[in-house]
Amino acid sequence: MTKKIPIIFILTLIVFAIFNNCKKTIANTSPTFHVEWLKEYIKEEDLVTEEGKSLEDIASFHYQKFVIDRIRGEKTLYVESDIPKIISFIKNTKTNLKFNRIKDNLVLIHHLGFDSSSDIANGSQLWIKTKNSWKIFDNEDNLKSINYQNVYLGSIGNLQGEKLIVNGGCCDTDTLVIFDVLENGDFKNIYSNTLYGNSYSIEKEGDLYVIYEVTVEGEKTKIEF
């Protein structure tokens with residue numbers, strides 16, 4: 001005679017499977033503590049475990065995880081005055097982020113970051129809203145990898161139409177990317193270049209932006225597009 005499996009037993013297995021899967025999902029997306037000393041300051045309740053739907057929630061999840069994942073090595077490797085900055089940013093990520101709205105679908109987010117030597121530095125990154133979801137603005141030239149972004153929206157000298165200008169870099173590199181702002185709200189890359197040693201200077205002259213290449217000695221040359 002075949003024994004019937006109690007329905008309560010089946011339901012228990014289903015609930016356990018769902019709960020266990022949720023635990024795995026959270027574990028996979030939660031920040032990874034690579035150093036024990038950070039756990040002295042950061043408790044589980046300080047962690048953002050879900051992305052959320054608003055830009056503020058999505059960015060908080062992203063940058064808290066980014067900072068925690070980047071902290072490596074002994075506490076003594078960090079400048080003593082940087083430790084409170086790190087802890088404050090992780091514990092209060094949302095209030096420590098600064099949002100500069102460029103357009104309805106473009107926001108420049110200022111956050112805690114790291115330079116090429118892994119020292120603490122202020123960073124900034126452009127986010128875009130497409131198909132009702134926010135993500136870091138990227139393109140075929142890996143725009144999102146550009147550090148310390150400055151963003152300008154307007155007209156450039158001899159170029160027709162509105163342009164989105166993104167400039168940034170680190171150490172001895174300086175990158176400039178220019179996009180056409182299309183009528184449908186999209187952006188078309190029309191210029192991308194990285195300088196090594198020299199840098200870009202983006203200046204407003206009247207109603208137009210003018211871009212110069214500046215040498216280490218301070219000599220400026222106007223760039224014609």
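These values consider heavy atoms only, across backbone and side chains, with no hydrogens, waters or symmetry-generated copies.
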Please tabulate, one pair per line, all N/O donor-acceptor pairs under 3.5 Å involving side-chain atoms of residues 77-88, not counting sequence neighbours.
{"unit_1": "Tyr78", "atom_1": "OH", "unit_2": "Arg72", "atom_2": "N", "d": "3.0"}
{"unit_1": "Tyr78", "atom_1": "OH", "unit_2": "Arg72", "atom_2": "O", "d": "3.0"}

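In this structure, Trp134 has its ring center no closer than 6.0 Å to that of His62. Taking the six-membered ring wherever Trp is involved, the centroid distance between the rings of Phe225 and Tyr191 falls below 6.0 Å. Aromatic rings from Phe66 and Phe89 are positioned such that their centres are separated by 6.0 Å or more.
Taking the six-membered ring where the residue is Trp, Phe179 and Phe187 present perpendicular rings, their angle passing 60° and hence far from 30°.
Looking at heavy atoms from C-beta onward, Lys98 lies out of side-chain contact with Ile109 at the 4.5 angstrom threshold. Residues Asn100 and Val107 are not in side-chain contact: their nearest non-hydrogen atoms beyond the backbone lie 4.5 Å or more apart. Looking at heavy atoms from C-beta onward, Trp37 lies in side-chain contact with Ile71 at the 4.5 angstrom threshold. Side-chain contact between Phe99 and Leu55 is present, with heavy atoms from C-beta onward closer than 4.5 Å. Tyr63 places none of its side-chain heavy atoms less than 4.5 Å from the side chain of Asn96. Between Ile178 and Ile156 there is a side-chain heavy-atom pair separated by less than 4.5 Å. Residues Ile90 and Asp46 fail the side-chain proximity criterion, which asks for heavy atoms closer than 4.5 Å. Looking only at side-chain heavy atoms (C-beta outward), Tyr212 and Ile223 stay at 4.5 Å or farther from each other.
Both cation-pi conditions hold for Lys204 and Tyr209: the charged atom is under 6.0 angstrom from the six-membered ring centre and inside a 45 degree cone around its axis.
In this structure, Glu56 contributes its side chain and Leu97 its backbone to no donor-acceptor pair below 3.5 Å. Here the side chain of Ser133 pairs a donor or acceptor atom with the backbone of Thr130 at under 3.5 angstrom. Within the 3.5 Å criterion, the main-chain N or O of Leu126 finds a donor-acceptor partner in the side chain of Gln149. Not one N or O on the side chain of Asp57 forms a donor-acceptor pair closer than 3.5 Å with the backbone of Lys53. For the pair Glu205 (side chain) and Val210 (backbone), a donor-acceptor distance under 3.5 Å is absent. Although no hydrogens or angles enter the test, the distance criterion places a donor-acceptor pair under 3.5 Å between the side chain of Asn167 and the main chain of Thr175. A donor-acceptor pair under 3.5 Å links the side-chain atoms of Gln64 to the main chain of Val48, judged by distance alone.
Rounding to the nearest 0.5 Å gives a distance of 7.5 Å between NZ of Lys43 and NZ of Lys91. Separating the OG1 atom in Thr221 from the CD atom in Glu224 is a distance of 11.0 Å, to the nearest 0.5 Å.
For the pair Glu203 and Lys220, the salt-bridge criterion is met [side-chain N within less than 4.0 Å of a carboxylate O].
Between the side chains of Asp174 and Tyr196, no donor-acceptor pair of N or O atoms lies under 3.5 Å.
When each of Gln160, Lys163, Lys188 is paired with Asp180, the side-chain hydrogen bond (donor to acceptor under 3.5 Å, both in side chains) condition holds for Lys163 and for no other.
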